[in-house]
Undergrad: 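Got a structure here, written out as structure tokens. Questions coming.
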Amino acid sequence: MSYRLSGKGPVFEGSITSVKVPRRGYKWYGVVKVRTEHLGEVSLLMTGVIAQWLLPGEKVKITLLEEPKVVDSSKILGFNDYLLHRLWGLDWVPVWPPFQEEFTLPRKDPLTGRTLYQYHVVAREALTEHDYEEVVGLEQYHYASKEELVAIWRCLLCGEYAEANAQPECPRCKTPMRIQEIRGSLPSSRFLVLELKSRQPYEPKVIAYVRVDTPIPLMSRRLTPQGDRIEHMIREKVFPKEWFHPTYWPQVYQEWQKVVSRYRDLAKLYGRSLAMAMVGEEIAEEALKRANTAAARIARVVVHPDYRGDGFGVLAVTAALKWIKERRIPEMRKPKHVVETIAQMARYNPFFEKAGFKYMWETRSGRPVLMYPLTPEAEEKIGSFLSKDPYASKHGGKLYRSHFGEVEPLSAPIRLKGLTKMYSSTLDVQRLPEDLQEVLRAFGVERRVVERYVVRDANLEIAPREIAVVVGASGAGKTTLLRMIVGGALKLEDPGYVPSSGKVEVPENARLAYLFPGEHEPSFGDEPLLEHVKRKCGDIALAVEILNTVGLSDAVFYRARFQELSTGQKERAKLASLLAEKPNLLVIDEFTAHLDALTGRRVARKLGEVAKRAGITLIVATNRPEIIDALSPTKMIYVGYGALHAAAPQLPSR
């Protein structure tokens, strides 16, 4: 969001006299002192991650929203009391308050464009210590190992360091320690969090974050898959050198050499990662002063596992691009021309490409590099490279390609002709305990044959590629109808799968996968989930794609075993196992019965989308209106009291 320099309150020009960013808790606390002709010296309270980029002597403009408070003869403006812009070149760059923007994320039917449901999301820069604790909570989902510790904490009293995923207690002082660093991040890192504006009480508040850094210092590309041919300094051959330099690179400064011996001593006491955090503080200040690029790097995008596959990755990247362009993140100095990301996961998940990034090359180590142009000049340079470079012209900027593709659709409709299914049972009280016999005889029951039609003389067609939902009261015959279809597809002779009369015609090219809870389910062994799916489909990239589709798009789930999953995760794993068979006919009873409404809705939308795109005929039984709506079916089949009726769905208009 952009701010005018007037219209909100009086505007005063001045210069920065000092910047104070304490190393303990620096991310969320900093003080910038500014001297103006009319206000004198005033202290601006802001977050440390923003204050650390400001320099004494810089020209700034302050727009007052509230009068300064006087504390011990010092004038202070709190977080909500002012707007701040810095002068860089000829431009006034917005600095404070932090970026905040609201977004609506509609989830639409891919065929009709009808909105199935939508989210209201606030994207904003991390501001408080609690925000960074939320980032730590999400960061744990980024790692494949449950043992990985993602945060470094520090005691405010004694300065002791510790690694933990949740706030630890200082072993010396017995007081709660505070976040010092998030492992893998840099002092230059900026964090954008996405929170649900409207949510259920049991939903998380922060569901995603994006970490933005300066570009990496050097980049080479490999020209062969084996990596035996390397082209150095590739970015500088495509873009002006000053777009990527000087970047944040503490290792190049002499200060680094001075602390190497200290690092070695600390590493013996604390271990390498803690020692790196300690000595890193000593050289970060000089590196921050020098960094000034016309590019930014999205270093990490993490979405809560329950919300993956529902567009939040694309939304997070889109919000970050807006933040980077408007605020010149992370340094808030040069205008930004381009945003880069280096993401191995981009091979398996296309959310960067969906947000508009173009695949450029692979690094020397084989990691994909994608870039997004923020200006017409950058767009022209990227386009020229992709069309003229002999290697890039082969892929044209596209990295991800779906491995699921299309199946061979059913060659003809599924036809039920005069289908009748009768069940009979005999009630005989003779084998019951005497007291129960007496009660039943009192109701006139001693021996009785009960016969009923579950389906009677039913005629129905389900076309290839159709999504059909079977609804009806419990015991009405939904499962029986599905059994008849499965029996027809597999040519079963089991009485439970064979009509009493009439017939079920299923095309000969049907490749059936089906799930009847408690009756017929995928069989999982002790292998990791990713291995199970890969074994069935034979393609590791496809296995990842399938797991992403059902909402298990996290490395923790990839390596988990079926028995280690929660009940809801097991339901999604079963769906993944079915999809791994690449069926053209998928039949599921009690679809999403064990998933909560919100998760079930997300899974239903994704499964319906895959079925439509791949050409799968999908037949499911469910009575849940939110699931039916998210599936966006082409046919409703109503079952009850022996009758069967098919109709076009009456979906709500949006």
Side-chain angles (χ1 to χ4, degrees), residues 1-6 11 13 15-16 32 46 49-55 57-63 83-101 123-125 186 188-192 210-217 219 235-249 287-299 317-342 352 355-358 360 369-385:
M1 53 196 295
S2 301
Y3 293 95
R4 294 180 298 165
L5 295 182
S6 61
V11 179
E13 292 190 26
S15 60
I16 296 174
V32 175
M46 64 177 65
V49 290
I50 293 179
Q52 67 183 357
W53 291 104
L54 302 175
L55 302 173
E58 280 194 81
K59 299 296 182 184
V60 295
K61 279 188 177 181
I62 301 172
T63 303
L83 312 180
L84 181 69
H85 292 71
R86 80 188 312 176
L87 182 64
W88 197 267
L90 300 176
D91 301 325
W92 289 102
V93 183
V95 172
W96 190 266
F99 175 89
Q100 179 169 309
E101 191 85 22
R124 58 178 179 81
E125 182 165 8
L186 302 169
S188 58
S189 300
R190 305 277 291 268
F191 291 85
L192 188 76
V210 182
R211 191 184 108 204
V212 177
D213 288 338
T214 57
I216 65 170
M219 186 181 293
R235 286 181 313 199
E236 290 73 15
K237 297 176 182 178
V238 180
F239 307 101
K241 179 181 178 181
E242 60 271 18
W243 284 16
F244 295 90
H245 304 281
T247 189
Y248 179 83
W249 194 7
L288 289 167
K289 288 179 182 178
R290 300 192 186 197
N292 187 16
T293 70
R297 174 169 60 97
I298 294 182
V317 171
T318 300
L321 292 171
K322 184 175 177 63
W323 179 41
I324 291 166
K325 184 173 184 178
E326 288 190 3
R327 299 299 187 95
R328 305 182 180 183
I329 301 300
E331 311 101 309
M332 303 174 296
R333 292 169 182 164
K334 286 181 183 176
K336 300 298 181 184
H337 283 285
V338 69
V339 180
E340 69 180 18
T341 191
I342 307 168
F352 273 110
F357 278 73
K358 298 293 185 182
M360 301 291 284
V369 176
L370 297 92
M371 291 192 174
Y372 183 93
L374 293 174
T375 62
E377 184 179 355
E379 187 171 8
E380 188 278 328
K381 291 183 180 300
I382 290 173
S384 176
F385 172 77

Undergrad: Rounded at 0.5 Å granularity, tell me how far CD in Glu125 sits from CH2 in Trp96.
TA: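 Between Glu125 CD and Trp96 CH2, I get 8.0 Å after rounding to 0.5 Å.
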
Undergrad: Taking side chain to side chain donor-acceptor pair (under 3.5 Å) as the test, write out the residues that go with Glu377, two or more places apart.
TA: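 Scan of Glu377 (side chain to side chain donor-acceptor pair (under 3.5 Å), adjacent residues dropped) gives none.
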
Undergrad: Looking at side-chain heavy atoms only, is the closest gap between Arg190 and Met332 below 4.5 Å?
TA: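 Arg190 reaches Met332 side chain to side chain.
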
Undergrad: Quick one: are Val212 and Ile324 in side-chain contact, heavy atoms under 4.5 Å?
TA: yes

Undergrad: List in chain and number order the residues that pass ring-ring contact (aromatic ring centres under 6.0 Å, His included) with Phe191, two or more places apart in sequence or in another chain; answer none if no residue qualifies.
TA: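 Phe191 satisfies ring-ring contact (aromatic ring centres under 6.0 Å, His included) with Tyr132, Tyr209 once adjacent residues are dropped.
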
Undergrad: Using salt bridge (Lys or Arg N to Asp or Glu O under 4.0 Å) as the criterion, list what pairs up with Lys59, not counting sequence neighbours.
TA: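 In terms of salt bridge (Lys or Arg N to Asp or Glu O under 4.0 Å), with neighbours along the sequence ignored, Lys59 is linked to no residue.
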
Undergrad: Salt bridge or not for Arg86 and Glu58, using N-O below 4.0 Å?
TA: yes

Undergrad: Might you point out which heavy atoms bring Thr247 and Pro217 nearest each other, and give the distance in Å?
TA: CG2-CA, 3.6 Å

Undergrad: Are Val60 and Leu87 side-chain neighbours, meaning at least one heavy-atom pair lies under 4.5 Å?
TA: no

Undergrad: Quick one, Leu84 and Thr63 - any side-chain contact, counting heavy atoms below 4.5 Å?
TA: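 No, side chains not in contact.
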
Undergrad: Quick one: are Glu236 and His245 in side-chain contact, heavy atoms under 4.5 Å?
TA: yes

Undergrad: Would you sort out whether Val32 and Ile16 count as a side-chain contact (heavy atoms from CB on, under 4.5 Å), showing the intermediate values?
TA: CA-CA 7 Å; Val32 175; Ile16 296 174; 3.9 Å; yes

Undergrad: Closer than 3.5 angstrom, by distance alone: can the side chain of Ser384 be matched with the main-chain N or O of Lys381 as a donor-acceptor pair?
TA: no

Undergrad: Within a strict 4.5 Å, meaning less than it, do heavy atoms of the Met46 and Leu54 side chains meet?
TA: yes

Undergrad: Between Glu326 and Phe99, is there a side-chain heavy-atom distance shorter than 4.5 Å?
TA: yes

Undergrad: Looking at Gly57 and Ser15, what are the two nearest heavy atoms and their distance?
TA: O-CB, 4.3 Å

Undergrad: Rounded to the nearest 0.5 Å, what separation is found between the CE atom of Met219 and the CE atom of Met360?
TA: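 Separation between the atoms: 9.5 Å.
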
Undergrad: Taking only residues two or more places apart in sequence, or in another chain, which ones meet Ala319 in a side chain to side chain contact (heavy atoms under 4.5 Å, CB included)?
TA: Phe103, Ala123, Leu192

Undergrad: Can you list everything that forms a salt bridge (Lys or Arg N to Asp or Glu O under 4.0 Å) with Glu13? Sequence neighbours excluded, please.
TA: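 So Glu13 forms a salt bridge (Lys or Arg N to Asp or Glu O under 4.0 Å) with Lys61.
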
Undergrad: Sequence neighbours excluded, which residues qualify as side chain to side chain contact (heavy atoms under 4.5 Å, CB included) partners of Ala299?
TA: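 Counting only residues at least two positions away or on another chain, Ala299 forms a side chain to side chain contact (heavy atoms under 4.5 Å, CB included) with Arg211, Asp213, Arg297.
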
Undergrad: Restricting to side chain to side chain donor-acceptor pair (under 3.5 Å), what partner residues turn up for Glu380, sequence neighbours left out?
TA: none

Undergrad: Within this structure, what is the CD-CG distance for the pair Gln52 and Leu55, rounded to the nearest 0.5 Å?
TA: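 One finds 11.0 Å between CD of Gln52 and CG of Leu55.
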
Undergrad: Please enumerate all residues that pass ring-ring contact (aromatic ring centres under 6.0 Å, His included) together with Tyr372, with sequence neighbours excluded.
TA: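 For Tyr372 the ring-ring contact (aromatic ring centres under 6.0 Å, His included) partners, ignoring immediate neighbours, are Phe357.
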
Undergrad: Mind listing the side-chain donor-acceptor pairs of residues 333-342 below 3.5 Å, one per line with the distance, residues two or more places apart or on another chain?
TA:
residue, atom, partner, partner atom, Å
Arg333, NH1, Leu288, O, 3.1
Arg333, NH1, Lys289, O, 3.3
Arg333, NH1, Ala291, O, 2.5
Arg333, NH2, Trp53, O, 2.8
Lys334, NZ, Glu242, O, 3.0
Lys334, NZ, Asn292, O, 3.2
Lys336, NZ, Thr293, O, 2.9
Lys336, NZ, Ala295, O, 3.2
Lys336, NZ, Glu331, OE1, 2.4
His337, ND1, Thr375, OG1, 2.9
Glu340, OE1, Arg235, NH1, 3.1
Glu340, OE2, Ile216, N, 3.3
Glu340, OE2, Arg235, NH1, 3.3
Thr341, OG1, Ile298, O, 2.9

Undergrad: Kindly give the heavy-atom pair with the smallest separation between Ser188 and Pro330, and that separation in Å.
TA: O-CB, 3.8 Å

